Amino acid sequence: MHFSARDHEVVVLDNFARRRWHRERATDSLTPIATLADRIDAWREVSGREIVAHVGDATDAAFLDGVIADFLPEAVVHYAEQPSAPYSMISREHAVETQTNNVVGTLNLLFALREHVPGCHLVKLGTMGEYGTPNIDIEEGYIEIEHRGRRDVLPFPKLPGSIYHLSKVHDSHNIHFACRAWGLRATDLNQGVVYGIETEETALDERLLTRFDYDELFGTALNRFCVQAVIGHPLTVYGSGTQVRGFLNVRDTLQCVELAVLNPAELGEFRVFNQFTEQFSILQLAELVKRAGDALGYAVELDRYVNPRVEAEHHYYNAVNDKLLGLGLQPHYLGDELVRSMLTVIARHRDRVITDAIEPSVRWRPDSCGGEPALERDLPPGRSTSAQPHPRFAARRVDLPSPVRDDAPSVR
Ligand code: USQ
């Protein structure tokens, strides 16, 4: 809709996987999502513009080839991936499905572009989670290294934190190779955690709403906290909450994709942009939601959960995000007012909240947590998981809340 509104000719491909994954888990978007056909009709009514839809799967080579050969796009925005870290960690089947969907879908697309439109610009949704949390500044895709007296600019080291994040690392390597070997052009948008409900276009008509997930699998931290505040569920802070991530408003994701498309990579170039606007710790987000919620009369509480994931909680984090800003990105920053407005929109849909979908149940190390309480405060007196790590996983620890480390970058 964002591109169509700006007079681009748009074709959309969908296999409705997200709807299926939600049905499988008995969860749903907070906002009601119309069928694709109804949304296209609504967009035509509201804008006078036509979006053409093809229903099919990116892992189906014949389908993808057919659409690409017919439309001959100047740019492809590739969003067709299973995007949830916890979903990919449920079971072997979910891990295999995630990597098959993501890696094979992207590989098919690379071959379709090579075959039919080698000059087309691929704009691929990557993730900041490809880098993990190294104890050095995170560059945009590449790092200059001096090693034994020689220098080179090489891909930035990757430390992905889930099978899902790994799938994006594999994609990055495949796309980079296709640029080097076949001369394709691509931009990898290494996106941080997205929050927000509305975009300029979805606000035009209820039938154009985009999804807003708050469940354990597809909901991201801030969106989840906002729904929890409205329904009176304590905010589900995992571990100490001192994990730091890059975040951005959903409106800014559209600006970023547009900027990437309008300023294409060179032929043969694999370009990486870090796509986030601010860094926060999870605890800072929870405190922000508490403040905004309390101001609206919700009595917001925080609960610290034994972290279901394996991730560093006390760590250095400073990621570069100059490239999109250099192209003209105008960030919408996070603040009390924005959170209050999210809470207000969420309250309109609160009857749709499926409360069973909120508690975390997927654990990165399932066999290490049998019978262990979900909440830190339910652990036996005097024991925290940091005091007595599971013998098989001595690195696992949950500490009392503490501020972001002194040497972490300042946060807005
Ligand atoms: N977290 C909580 N409580 C919750 C949910 C999450 O404390 O209820 C914590 C997690 O432990 C983690 C952080 O918040 O430390 C972020 O988790 P998330 O679920 O909001 O986001 P994540 O799993 O990292 O994945 C999301 C998107 C994914 C995207 C990624 C960007 O689902 O598609 O790639 O954000 S990034 O985080 O930079 O890798």
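Keep in mind the model is a prediction, meaning the values are calculated, not measured. Whatever order the structure lists ligands and atoms in, that order sets their numbers, starting from 1.
Atoms NE2 and CD1, on His22 and Ile354 in that order, are 9.0 Å from each other to the nearest 0.5 Å. In this structure, CG on Leu334 lies 8.0 Å from CE on Met342, to the nearest 0.5 angstrom. Of the inter-residue distances, the one linking His233 atom NE2 with Ile358 atom CD1 reads 5.5 Å to the nearest 0.5 angstrom. Atom CG in Asn135 sits 11.0 Å away from atom CG in Leu159 (nearest 0.5 Å).
The protein heavy atom nearest to atom 28 (C) of ligand 1 is Pro83 O, 3.3 Å. In this structure, the protein non-hydrogen atom closest to atom 1 (N) of ligand 1 is Tyr238 CD1, 3.5 Å. Scanning all protein heavy atoms for the shortest distance to atom 38 (O) of ligand 1 gives Met128 CB, 3.2 Å. Protein heavy atom at the shortest distance from atom 11 (O) of ligand 1 is Glu311 OE2, 2.6 Å. Closest protein heavy atom to atom 26 (C) of ligand 1: Thr220 CG2, 3.8 Å. Ranking protein heavy atoms by distance to atom 23 (O) of ligand 1, first place goes to Arg309 NH1, 2.8 Å. Among protein heavy atoms, the minimum distance from atom 3 (N) of ligand 1 is reached at Thr236 O, 2.6 Å. For atom 20 (O) of ligand 1, the nearest protein heavy atom (residue, atom name, distance) is Ala221 N, 2.7 Å.
Less than 4.0 angstrom separates some heavy atom of Ala85 from each of these atoms of ligand 1: 23 (O). Close approach of ligand 1 to Gln191 (heavy-atom distance below 4.0 Å) involves ligand atoms 31 (C), 38 (O). Counting the atoms of ligand 1 from 1 in the order shown, those under 4.0 Å from a heavy atom of Val193 are 20 (O), 31 (C), 35 (O), 37 (O). Near Arg245, meaning under 4.0 Å from any of its heavy atoms, are these atoms of ligand 1: 15 (O), 37 (O). Close approach to Gly129 involves these atoms of ligand 1, each under 4.0 Å from a residue heavy atom: 36 (S), 38 (O), 39 (O). Of all atoms in ligand 1, listed by their number and element, those nearer than 4.0 Å to a heavy atom of Arg224 are 4 (C), 5 (C), 8 (O).
Look at Gly192 and you'll find a heavy atom under 4.0 Å from some atom of ligand 1. Not a single heavy atom of Gln228 sits under 4.0 Å from any atom of ligand 1. Residue contacts with ligand 1 leave out Phe218, since none of its heavy atoms falls under 4.0 Å from the ligand.
Looking at Arg251, Arg49, Arg6, Arg39 one by one, the single match for salt bridge (charged side-chain N to carboxylate O under 4.0 Å, His left out) with Glu201 turns out to be Arg6.
Two rings, from Tyr87 and Phe218, have their centers less than 6.0 Å apart.
Between Cys256 and Phe273 there is no side-chain heavy-atom pair separated by less than 4.5 Å. Contact check for Gln243 versus Glu311: side-chain heavy atoms found under the 4.5 Å cut-off. The side-chain heavy atoms of Leu222 and Phe280, taken from C-beta on, include no pair separated by under 4.5 Å.
Note: His176 and Tyr142 have perpendicular aromatic rings, judged against thresholds of 30 and 60 degrees for the angle between ring planes.
Among all heavy-atom pairs drawn from Arg350 and Ile231, the shortest one is NH2-CA, 3.9 Å.
Under 4.0 Å from ligand 1, the heavy atoms of Tyr164 that appear belong solely to its side chain. Counting heavy atoms under 4.0 Å from ligand 1, residue His165 touches it through the side chain alone.
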Worksheet item: How far apart are the C-alpha atoms of Glu269 and Arg185, what are their side-chain angles, what is the distance that settles it, and do they pass the salt bridge (Lys or Arg N to Asp or Glu O under 4.0 Å) test?
Response: CA-CA 5 Å; Glu269 184 187 9; Arg185 61 171 102 210; over 6 Å; no
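The heavy atom nearest to atom 14 (O) of ligand 1, considering only Val194, Ile282, Leu285, Val310, is found in Ile282.
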